[in-house]
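When a ligand or atom number is given, it counts from 1 through the structure's own listing order.
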Amino acid sequence: MSGIVGYVGNRSSQEILIHGLKNLEYRGYDSAGIAVSNEKTIEVRREKGQIQDLEASLQLDPILKGNLGIGHTRWASHGTPSVTNSHPLSDTNGKYFVVHNGIIENYRELRKGLVADGVDFQTDTDTEVIPHLLAKYDTGNYLDTVRQVLPLLKGSFALAIMCSTYPNTIIAISQENPLIVGFGLKEGFLASDISALLPYTKEIYPIKNNEIAMLTSERITIETLDGEPIHPKKVLIEWDQEEIDLHEYDYFMLKEIMEQPKTIKKTLEGKIKNSHVRIAELEPLLNQYEFHHFEKIDIVGNGTSYHSGMVGKKVMEQLFRIPVEVHISSEFSNEHGHLSNRNLVIVLSQSGETADSLSALKEAKRNDCVTIAITNKKRSNIARIADYMLLTNAGPELAVAATKAYTSQITSLILLTIFLSQHSDKTNAYDYTELLDALVQLPDVVEQTLIMTQDAIDSFAQVTNDQDHLFLIGRGLDYVLALEGALKLQEVAYLHADAYAAGEVKHGTMALITPGVPVIALATQAHLRGKLVSNIRELKTREAFVVGVTTVGDDAVGEVVDQVLYIPEAHPYLMPIVAAIPLQLLAYYAGTVRGYNVDRPRNLAKSLTVE
Ligand code: AGP
């Protein structure tokens, strides 16, 4: 998703803006630009492509040096990636300069009105209506003009604005789209997320809805839209620079895969005591509601978060005697069953900013549901709007492909399941001892799996060699895992990987099984293995090339497949975490061996703040 940075202070802004944009690269983008002011004039430079292209352009043909500026990386949503469509965008007379993240939902009608006024639009973007509206409603006072225009804009958006007649001031707005102010020593910073601020400051303030931030070299002020001063409650960033450095890794994706023993331990920290799960941040939920108040659990998420939600559903419905449904967020927002205060809605989102999931959360709240956000970002919009929050504590995940987020989400969902069932008479009699012991040992099992998989990855990765199409199959939790494995291969290796419930292949897809076609069979659920072996045999009779992923000690699968990858055995509910490791590493190697930038896959973004 696009990224915004801003700087004002006693240093040259250009280097800080470029460095900040580089720290936001992981969000995904296809063009970049900056506007710099020397407090007399403002100059802009924009380039299609990577930030390096912008840097090269600035070296070849420098713009003015100034100590104030804004920058932007654009992930194209309206209008193709091009210099013309990249930000900052300005009005016809070059008075206002705007960078924007998110969507102006009513931009078509706004554009129509401006065209009727004679405005000559230069781009296909929704953003361009903003500088033209500022010019149209210009009162001569910068802040007042912004106040006039903001109520006209519908949608979720973050903006940073500069004005040629106020060259010492940046105005910033965050309307359900993250934008954070950073406080330095006589310096002010702006960024879409804290990874761009960490090199400069740990003191931040996330701008809230209906607030306006003004940054000048003298001070940073925050006001409400109506002009009420806000005294920003500064917060300290817990992350360290170390957590967002690449260290010896080539890509963040590999670093984050390898971190999973540590991040799962962090997710579990403080949650299991004396064979009991304690989740302090959710105690108020159970003080407010007895668990039997709920008649249904709905889990919503997108992409990998949807897949971890599917794992959560399967575990919860084993333990609870109420229906558990999992929804793709973008579907739930518009189509859902009956909702009421009796629904417990769990929103899964690593970034806490995914527009589809934010909409789903608002729809749940509109229907009086009780909502829990399971997220990695505690100051995100989804975390703020949900009634309760459970943090995954996986630390910053900078690769577009979710890996540690997935395993920490499943860990959190299992902790939540046990926590709720400890306080309920609506559960099947279930002895948690084994599951709790398995959770405690999980980081070590994941560590072991990383070692075993890395030793075997060369032969395992051959399943994708010279292939553009690939099938993954499984039963039960292995089917859900197959969906996640397919998504990883699509995302970072651009392979057309499809996942099927193993028993379903014969109902049509078998027509695509030709000699040599690669199939990964996930066989970690011992109680389903017998039927899975039969499904593998069906594939083998069509001469598919089948690689089995199964647990150490299982011979049944090894005897029927062409190749087998053994991983350690854990509790069946935890196997979607353990078996995710080889699939994550497979996608990583398949993508890198094809020469792709697995951290920033084409067309993708880390947080989709547009619906
Ligand atoms: C997963 O690898 C992708 N990056 C994507 O599917 C992601 O899971 C989805 O966009 C949801 O993001 P969120 O968890 O931040 O809401």
Legend entry - Proximal atoms of ligand 1 relative to A401 (non-hydrogen, under 4.0 Å): 2 (O)
Any idea which protein heavy atom is nearest [atom], and the distance to it?
atom                    : answer
atom 11 (C) of ligand 1 : N302 O, 3.4 Å
atom 10 (O) of ligand 1 : L608 CD2, 4.0 Å
atom 3 (C) of ligand 1  : E491 OE2, 3.1 Å

Which of these, [options], has its nearest heavy atom closest to [atom]?
atom                    : options                : value
atom 16 (O) of ligand 1 : V400, L348, T375, T354 : T354
atom 15 (O) of ligand 1 : S351, S305, G303, S308 : S351
atom 7 (C) of ligand 1  : I382, D356, T304       : T304

Decide whether an N or O pair under 3.5 Å exists between [X] and ligand 1.
X    : value
L487 : no
K606 : no
S357 : no

For [X] and [Y], test the side chains for any donor-to-acceptor distance below 3.5 angstrom and give the result as yes or no.
X    : Y    : answer
N381 : E353 : yes
Q409 : S308 : yes
T392 : Q350 : no
Y251 : E256 : no
N85  : S31  : no

Legend entry - Whether K488 lies under 4.0 Å from ligand 1, heavy atom: yes
Inset, instruction - Run the ring-centre check on H247 versus Y249 and record whether the distance is less than 6.0 Å. - result: no
Legend entry - Ring geometry between F332 and H327 (parallel below 30°, tilted from 30 to 60°, perpendicular above 60°): perpendicular
Inset, instruction - Using the ring of Y494 (Phe, Tyr or Trp, six-membered ring only), decide whether R594 places NZ or CZ under 6.0 Å from its centre and within 45 degrees of its axis. - result: no
